[in-house]
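To start, the structure itself, in structure tokens.
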Protein chains: 2
Amino acid sequence: MTASTIACCAPIAREPLGETEAAELAVLLKAVADPVRLRLLSMIGSHAGGEACVCDLTDAFDLTAPTISHHLKVLRTAGLIDSERRGTWVYYWIVPETVNRLGALFAPLAEPAAI
Amino acid sequence: MTASTIACCAPIAREPLGETEAAELAVLLKAVADPVRLRLLSMIGSHAGGEACVCDLTDAFDLTAPTISHHLKVLRTAGLIDSERRGTWVYYWIVPETVNRLGALFAPLAEPAAI
DNA sequence: GTTGTGATTCGAAGGTTGTCTAAGTAGCAT
DNA sequence: ATGCTACTTAGACAACCTTCGAATCACAAC
């Protein structure tokens, strides 16, 4: 990605997205377009050590364990997080490369007009 | 936004999102989490003059005019685009401030771990 | 006025999603 | 083995979303 180009706006506003590219990105965006999954992603990423146990996450919501498990699966299928079982507990962590794809889409390359 | 802080990851992965903040952002993300709307946003932003007529947009899809109109309304309701009627045609343009909110969420502040 | 074109709104059909309960799997401790 | 705890899978149901055709609105030209 030639970041040296001077442009006013986010990449998404600089050239038209291809049909397949848009479809791919939409899958990724659908995964994060949910309040619970946004918070899960945020909680996992900001947890000490960069990873969080499911037990840490479930208590923060008024939702049942299967529902949390479902949301974690959606995030994992999208490639935004990965997981591993260590003994009794299952730990999740963020996959930065995938998160960065979203950042690259919307991030302004030059000074934003406001905020 | 204190951008001077040295951090490894996107803001979303640095501290837990609040419940209401997550709900707000989810609304915004839902608006862009669709292939058609992603392409619409992209086409509007990259169009000459920074704005596009609905007639320009409709032809690029295998969808009926009401469907395109619906998607434009979703984007407009979310505050991602704005519109104005000038004579016969209706023109749409991007609201950069709103797009930047998404960029600020996922953009890494320092070097990403990879890529 | 009337007619024609661009765009939106309305109402409905079909598919997708979020949530639950119930049941299942994996590991630890007795 | 038995039981207990942590987590996932399966199935069901209500709510929502995308899409369409038909109707409607807005404007320009005649």
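If you're wondering where the values come from, they're calculated on a predicted model, not measured in any experiment.
Atom pair L40(B):CG and dT18(D):P shows a separation of 12 Å (rounding to whole Å applied). Distance I44(A) CD1 to dC7(D) P: 12 Å, rounded to the nearest Å. Rounded to an integer number of Å, the gap from CG of L75(A) to P of dT17(C) is 14 Å. D56(A) has its CG atom 11 Å from the P atom of dA6(D), to the nearest Å. In this structure, the CG atom of D34(B) is 18 Å from the P atom of dG15(C), given to the nearest Å. For the pair L38(A) CG and dG18(C) P, the interatomic distance rounds to 12 Å; values are reported in whole Å. Between the CH2 atom of W89(B) and the P atom of dA28(D) there is a distance of 10 Å, given to the nearest Å. Here the P atom of nucleotide dT8(D) and the CD atom of E84(A) are 13 Å apart, to the nearest Å.
In this structure, R76(B) fails the cation-pi test against Y92(B), since its NZ or CZ atom is not both closer than 6.0 Å to the six-membered ring centre and inside 45 degrees of the ring normal.
Here the nucleotide nearest the side chain of V54(B), chosen from dA7(C), dC7(D), dT19(D), is dA7(C). Listed candidates were dC28(C), dT8(C), dC7(D). Nearest to the side chain of T88(A) is dC28(C). Proximity note for R37(A) (side chain, C-beta onward) versus dG18(C), dA10(D), dT18(D): the nearest is dG18(C). Proximity note for R85(B) (side chain, C-beta onward) versus dA26(C), dG6(C), dT8(D): the nearest is dG6(C). Comparing atom distances between the A65(B) side chain and each of dT8(C), dA6(D), dT17(C) picks out dT8(C) as nearest.
Between L72(B) and T67(A), the residue anchored closer to the 5' end of DNA chain C is L72(B), taking for each the nucleotide with the nearest heavy atom. Along DNA chain C, the nucleotide closest to L63(A) and the one closest to K30(A) are compared, and the more 5′ of them pairs with K30(A). Taking for each of A33(B) and P66(B) the nucleotide of DNA chain D with the nearest heavy atom, the 5'-most of the two is the partner of A33(B).
Taking 4.0 angstrom as the limit, Y91(B) places none of its side-chain polar atoms (N or O) nearer than this to OP1 or OP2 of dA7(C). The side chain of K73(A) contributes no N or O atom lying less than 4.0 Å from OP1 or OP2 of dT8(D). Residue T64(A) has a polar side-chain atom (N or O) positioned under 4.0 Å from OP1 or OP2 of dC20(C). Here H70(B) does not reach the OP1 or OP2 of dC20(D): none of its side-chain N or O atoms lies under 4.0 Å away. OP1 or OP2 of dT17(C) has not a single side-chain nitrogen or oxygen of H71(A) nearer than 4.0 Å.
Not a single donor-acceptor pair under 3.5 Å links the side chain of R37(A) to the backbone N or O of H71(A).
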Go through the steps for E84(A) and W93(A) under the test side-chain contact (heavy atoms from CB on, under 4.5 Å), then give the verdict. CA-CA 9 Å; E84(A) 187 188 30; W93(A) 60 88; 3.6 Å; yes
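By the rule that hydrophobic residues join a cluster once side-chain heavy atoms approach within less than 4.5 Å of another member, V95(A) and V74(A) end up as members of separate clusters.
No more than 12 heavy-atom neighbours from other residues, nucleotides or ligands sit within 6.0 angstrom of CH2 on W89(A).
No side-chain heavy atom of L105(A) sits under 4.5 Å from any side-chain heavy atom of L28(A).
Here F61(A) lies out of heavy-atom contact (under 4.0 Å) with every strand.
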